Amino acid sequence: MKLETSANDSFVTKFVLLGLTGSPALQPILFVIFLLAYVATIFGNFSILAAILTEPKLHTPMYFFLGNLSLLDVGCITVTVPAMLRQFLSKDRSISYRACLSQLFFFHLLAGADCFLLTVMAYDRYLAICHPLTYSTRMSWETQKASVGMSCVFSFTNALTQTVALSTLRFCGPNVINHFYCDLPQLFQLSCSTIQLNEQLLFVAAAFMGVAPLVLISVSYAHVVAAVLKIHSAEGRKKAFSTCGSHLTVVGIFYGTGVFSYMRLGSVEASDKDKGIGILNTVISPMLNPLIYSLRNPDVKGALQKMFMKR
């Protein structure tokens with residue numbers, strides 16, 4: 001443990017991330033697996049983005065938001081996986097205090113923006129299906145930019161608040177984090193000062209960035225389902241649901257893993273399970289998103305085939 005002493009008080013300057021495993025035999029295998037997952041995620045999301053940019057048919061609000069979601073997924077996996085790959089190759093698993101706080105800030109910034117953007121995408125589908133005649137005016141280019149901008153502002157505010165609040169805590173005891181990246185629940189366990197304010201802030205953030213968006217998404221899709229069921233044509237119902245199925249799948253994965261990550265604050269026994277949930281949240285979800293959208297969306301699938309056939 002590396003400590004510094006100031007005025008008879010010790011504080012941690014580095015943390016040690018235990019990572020996924022301590023077995024030397026498994027580390028090369030895991031390195032290859034997560035390297036391939038990282039490359040696949042980068043390739044998949046940038047392919048979606050390239051298809052949206054090059055195909056005029058995809059220059060619509062829905063695909064504008066999808067392109068931003070792809071950028072967020074690339075950022076989210078880049079915050080955690082490269083550092084984890086370095087841990088597999090090196091015996092030094094330490095991370096400086098500042099680097100730990102930086103990782104935590106960017107992770108919450110990107111994950112928070114994901115929450116709001118998924119909500120905006122649900123509202124976009126609600127307008128497109130329930131109010132098609134006024135859709136183009138309600139979801140104008142200015143509205144699209146403002147929606148993405150406000151998502152980033154709200155997420156930045158929350159990430160900065162959580163990071164600043166965490167920086168006020170004292171870490172003077174154990175500095176070993178049983179995880180592969182720095183996050184609030186694990187750091188709370190190591191603090192030797194009260195975390196009551198931090199837990200309250202996290203509770204408010206969970207309500208504002210987790211519960212409220214999920215409620216809005218549910219309300220939007222309740223209206224969508226009611227509108228789609230009124231369509232007499234089976235082909236029309238199928239087409240309407242197909243534009244929503246991909247988004248609902250992504251929402252389910254994102255919120256499912258997020259709820260399990262933060263609902264058990266202070267539970268030391270759950271640490272190993274949290275690693276698996278962390279992998280789902282930071283690796284599997286960003287990797288699956290482009291696959292989900294390309295397989296379930298005929299427009300994206302067609303644009304990707306057209307792009308690769310030209311090359």
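Keep in mind it's a predicted model, so treat the numbers as computed, not measured.
Proximity of a side-chain donor or acceptor of Ser151 to a complementary backbone N or O of Ala113 within less than 3.5 Å is not detected. In terms of modelled atom types and a separation under 3.5 Å, the side chain of His179 and the main chain of Leu18 share no donor-acceptor contact. Asn289 places no side-chain N or O within donor-acceptor distance of the main-chain N or O of Asn45, the cut-off being under 3.5 Å. A donor-acceptor pair is defined here as one N or O able to donate and one able to accept, closer than 3.5 Å; no such pair exists between the side chain of Ser90 and the backbone of Arg86. Judged by distance alone, the side chain of Asn198 and the main-chain N or O of Ala165 form a donor-acceptor pair under 3.5 Å. With hydrogens and angles disregarded, a donor-acceptor distance shorter than 3.5 Å links the side chain of Ser193 to the backbone of Arg170.
With a 4.5 Å cut-off on side-chain heavy atoms, Thr78 and Phe106 do not count as touching. Side-chain contact check for Leu304 versus Ile48: some heavy-atom pair is nearer than 4.5 Å. The shortest side-chain heavy-atom distance between Tyr63 and Glu55 does not fall under the 4.5 Å cut-off. Side-chain contact between Leu85 and Phe31 is present, with heavy atoms from C-beta onward closer than 4.5 Å. Looking at Asn281 and Phe107, their side chains come closer than 4.5 Å, going by heavy atoms from C-beta outward. At least one side-chain heavy atom of Phe46 sits under 4.5 Å from a side-chain heavy atom of Val74. The shortest distance between side-chain heavy atoms of Met121 and Met62 does not fall below 4.5 Å. Residues Leu166 and Phe188 meet the side-chain proximity criterion, which asks for heavy atoms closer than 4.5 Å.
Considering NE2 of His247 and CZ of Phe254, their distance stands at 10.5 Å, rounded to 0.5 Å. Atom CG of Asp114 is separated from atom CG of Leu72 by 5.0 Å, given to the nearest 0.5 angstrom. For the atom pair CG (Leu118) and CG (Leu214), the distance works out to 10.5 Å, reported to the nearest 0.5 Å. Rounding to the nearest 0.5 Å gives a distance of 10.5 Å between OG1 of Thr134 and CE of Met139. Taking CZ from Phe34 and CG from Leu20, the interatomic distance works out to 5.0 Å, rounded to the nearest 0.5 Å. With rounding to the nearest 0.5 Å, the separation of CG in Asp124 from OG in Ser147 is 9.0 Å.
Under the side-chain hydrogen bond (donor to acceptor under 3.5 Å, both in side chains) criterion, the residue pairs touching residues 157-167 are Asn158-Gln162, with sequence neighbours excluded. Annotation: disulfide bond (SG atoms under 2.5 Å apart) contacts involving residues 14-115, sequence neighbours excluded, comprise Cys100-Cys182.
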Original post:
Between Val300 and Leu66, does a side-chain contact (heavy atoms from CB on, under 4.5 Å) hold up when you go through it step by step?
Top reply: CA-CA 10 Å; Val300 175; Leu66 178 58; 4.3 Å; yes

Original post:
Passes side-chain contact (heavy atoms from CB on, under 4.5 Å), Val148 versus Val120? Steps please.
Top reply: CA-CA 8 Å; Val148 174; Val120 172; over 6 Å; no

**OP:** Evaluate side-chain contact (heavy atoms from CB on, under 4.5 Å) for Met287 paired with Tyr38, printing each intermediate quantity in order.
**Re:** CA-CA 8 Å; Met287 183 175 65; Tyr38 181 67; over 6 Å; no

**OP:** Please lay out, stage by stage, how Thr143 and Arg138 fare under the test side-chain contact (heavy atoms from CB on, under 4.5 Å).
**Re:** CA-CA 7 Å; Thr143 303; Arg138 291 192 183 190; over 6 Å; no

**OP:** In sequence, state the C-alpha distance, the side-chain angles, and the governing distance for Phe105 and Phe156, and then conclude on ring-ring contact (aromatic ring centres under 6.0 Å, His included).
**Re:** CA-CA 9 Å; Phe105 169 79; Phe156 176 83; 5.8 Å; yes

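Other residues, nucleotides and ligands contribute over 12 non-hydrogen atoms within 6.0 Å of the CD atom of Glu142. For Arg98, the CZ atom is loosely surrounded, since the number of other residues' heavy atoms within 6.0 Å does not exceed 12.
Minimum heavy-atom separation, Leu117 to Leu69: CD2-N, 3.4 Å. When all heavy atoms are compared, the tightest approach of Ala83 to Gln103 is CB-NE2, 4.1 Å. Closest non-hydrogen pair, Ile217 versus Ala122, comes out as CG1-CB, 3.9 Å. For Gln27 against Thr21, the heavy-atom pair with the smallest separation is NE2-O, 3.7 Å. In terms of heavy-atom proximity, Ala50 sits nearest to Thr54 at O-OG1, 2.8 Å. The two atoms that bring Pro132 and Ile129 nearest to each other are CD-O, 3.7 Å, heavy atoms only.
Leu288 and Phe43 fall within the same hydrophobic cluster, where Ile, Leu, Val, Met, Phe, Trp and Tyr residues are linked whenever their side-chain heavy atoms come under 4.5 Å apart, directly or through other members. There is no path of hydrophobic side-chain contacts, each under 4.5 Å, that joins Val251 to Phe154. Under the 4.5 Å side-chain heavy-atom criterion for Ile, Leu, Val, Met, Phe, Trp and Tyr, Trp141 and Met150 are members of distinct hydrophobic clusters. Note on Val283: it clusters hydrophobically with Leu30, by side-chain heavy-atom contacts below 4.5 Å among ILVMFWY residues. Linking Ile, Leu, Val, Met, Phe, Trp and Tyr residues whenever their side-chain heavy atoms come within less than 4.5 Å leaves Tyr181 and Val16 in two separate clusters.
Between Asn178 and the options Gln186, Lys275, Gln189, a side chain to side chain donor-acceptor pair (under 3.5 Å) holds for only Lys275. Among Phe208, Tyr123, Phe65, the single residue meeting the ring-ring contact (aromatic ring centres under 6.0 Å, His included) criterion with Phe116 is Phe208.
With side-chain heavy atoms closer than 4.5 Å counting as contact, directly or through intermediates, Phe203 stands alone and belongs to no larger hydrophobic cluster.
Classification of the Phe171-Phe15 ring pair by plane angle, with boundaries at 30° and 60°, yields perpendicular.
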